[in-house]
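Residue numbers start from 1 in every chain, and the chains themselves are labelled A, B, ... in the order their sequence lines are given, proteins ahead of strands.
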Protein chains: 2
Amino acid sequence: MDTETALAALAALAHPTRLEAFRELVRHEPAGLSTGALVAASGLSQSTFSTHLAVLARAGLVTAEKRGRQQIQRASIDTLGRLMTFLARDCCQGRAELCGPLVADLAACC
Amino acid sequence: MDTETALAALAALAHPTRLEAFRELVRHEPAGLSTGALVAASGLSQSTFSTHLAVLARAGLVTAEKRGRQQIQRASIDTLGRLMTFLARDCCQGRAELCGPLVADLAACC
DNA sequence: CTGACTCATCGATATTTTCCGATGAATGGA
DNA sequence: TCCATTCATCGGAAAATATCGATGAGTCAG
């Protein structure tokens, strides 16, 4: 992942509504959720939430699939992983002593 | 890490200048860099960069230590780790099949 | 003490983001 | 066909963020 893509992903997640929606989608992997269901959970207007979803999609964090009139949204765990690797990369390059605790902490959560 | 703290960290990193500064600081762990050195590298005015640094500090991603007239800035790998764990937590809870590849990818970078 | 240096904060302006209602396209049921 | 449903996009208003120069506080060297 390059810097520009990472910035887009970070900016996409740096908003309460979008972060919550993304986490909700992660919890619903791999089934996904319809846009309407997410809108209802957000409490915002449909148009506003649609804009938020577009931001997440543009960042590659969410993908959509048409099913009838609905749009089924799914979180991209792959993009999330690439973002995390991007954030950790700098301390990893020949700096295992820094990255070690970081990975250990993460592994412990699983 | 709670949602509010995670949002602050994500917003802090979601800006080209701040992301670059943070990564530069990670590369200089554990020695750190003076504010002046970071300002010079950023190409922005001193006051503007100072504001950016304050955002990173408020998010707990950077800590400062006074040394003479200089302010030595250091990246908080700990906060970075907590942010990453926060992002991965949702797919980890009883969903090791999702989190596995994510952690493996990260471990491979070290 | 004086002057130079390092950095944070203030006030103002410009840009970006967020939010909404209205509109329109696409789909499916009656 | 006709209408309801689902969702994206447009236009505009409000809020937040980014940027700068100027100013001030603290520190050190002469």
Between atom [atom1] in [X] and atom [atom2] in [N], what is the gap in whole Å?
X	N	atom1	atom2	answer
B:Q70	D:dG26	CD	P	18 Å
B:H15	D:dA18	NE2	C1'	6 Å
B:L53	D:dA18	CG	C1'	15 Å
B:L33	C:dT6	CG	P	15 Å
B:I72	D:dT27	CD1	P	15 Å
A:L38	D:dC7	CG	C1'	12 Å
B:R58	D:dA18	CZ	P	10 Å

Walk me through it: do B:L38 and B:T35 pass the test side chain to side chain contact (heavy atoms under 4.5 Å, CB included)? CA-CA 5 Å; B:L38 290 167; B:T35 303; 5.6 Å; no
Pair of N/O donor and acceptor under 3.5 Å linking D:dG21 base with B:S47 side chain: yes
Do B:Q46 and C:dA8 have a side chain to base donor-acceptor pair shorter than 3.5 Å? yes
Using heavy atoms to find the nearest nucleotide of DNA chain D for A:R69 and A:T48 separately, return the residue whose nucleotide is more 5′.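 Looking at DNA chain D, the more 5' nearest nucleotide goes with A:R69.
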Of the non-hydrogen atoms in A:I72 and A:A31, which two are nearest, and what is the gap between them? CG2-O, 3.8 Å
Does anything in residues 56-70 of chain A form a side-chain hydrogen bond (donor to acceptor under 3.5 Å, both in side chains)? List the pairs, not counting sequence neighbours. none
Could you give me the CA-CA distance, side-chain angles and deciding distance for A:D2 and A:T5, then say whether side chain to side chain contact (heavy atoms under 4.5 Å, CB included) is met? CA-CA 6 Å; A:D2 61 9; A:T5 307; 2.5 Å; yes
Go nucleotide by nucleotide along DNA chain C from the 5' end; which of A:G43 and A:G68 gets its closest nucleotide reached first?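 Taking each residue's closest nucleotide, the earlier one in sequence belongs to A:G43.
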